[in-house]
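As structure tokens, the structure follows; a few thoughts come after it.
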Amino acid sequence: MTETAVHRGEPDSYCGNCRHFQYVMDGDDVAPYCTFHEETLDDMDACSAWVNNS
């Protein structure tokens, strides 16, 4: 049995791979932030505005 490598060609569609994603300071902590929706994130699931960050 031979294993085959899979090339996705695109990064996974989650917030960390979106051009609208950044980390911001939230008090003494850093928080994930969406510049498109202008809000901190509760989860990292991609929304319909997801755009590759490359």
Side-chain angles (χ1 to χ4, degrees):
M1 180 173 180
T2 304
E3 291 185 36
T4 304
V6 176
H7 178 68
R8 293 184 179 151
E10 293 281 335
D12 292 335
S13 298
Y14 85 101
C15 289
N17 285 334
C18 181
R19 77 169 50 167
H20 302 294
F21 176 84
Q22 64 183 16
Y23 285 106
V24 296
M25 292 303 296
D26 184 15
D28 292 332
D29 295 325
V30 292
Y33 184 81
C34 175
T35 61
F36 184 84
H37 295 289
E38 299 181 341
E39 63 187 14
T40 56
L41 303 170
D42 293 331
D43 61 44
M44 297 295 282
D45 295 333
C47 72
S48 60
W50 183 90
V51 179
N52 184 342
N53 66 4
S54 58

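Looking at heavy atoms from C-beta onward, Leu41 lies in side-chain contact with Cys34 at the 4.5 angstrom threshold. The shortest side-chain heavy-atom distance between Asp45 and Cys15 does not fall under the 4.5 Å cut-off. Contact annotation: the side chain of Thr35 never approaches that of Phe21 to less than 4.5 Å [non-hydrogen atoms, C-beta and beyond]. Using a 4.5 Å cut-off on side-chain heavy atoms (C-beta onward), Arg19 and Phe36 make no contact.
Taking each heavy atom of Ser13 and Ala46 in turn, the nearest pair found is O-CB, 3.1 Å. Heavy atoms only, all atoms of each residue included: Met44 and Pro32 are closest at SD-CB, 4.1 Å. Across every non-hydrogen atom of Ala49 and His37, the tightest pair is CB-NE2, 4.5 Å. Smallest separation of non-hydrogen atoms from Tyr14 and Trp50: O-NE1, 3.1 Å.
For the atom pair Asp29 CG and Thr40 OG1, the distance stands at 12.0 Å (nearest 0.5 Å).
With a 6.0 Å radius and a threshold of 12 heavy atoms from other residues, nucleotides or ligands, Asp43 has its CG atom above the threshold. Enclosure of atom CD in Glu38 is not indicated, since only 12 or fewer non-hydrogen atoms of other residues, nucleotides or ligands lie within 6.0 angstrom.
Without hydrogens or angle criteria, Asn17 side chain to Asp12 main chain gives a donor-acceptor distance under 3.5 Å.
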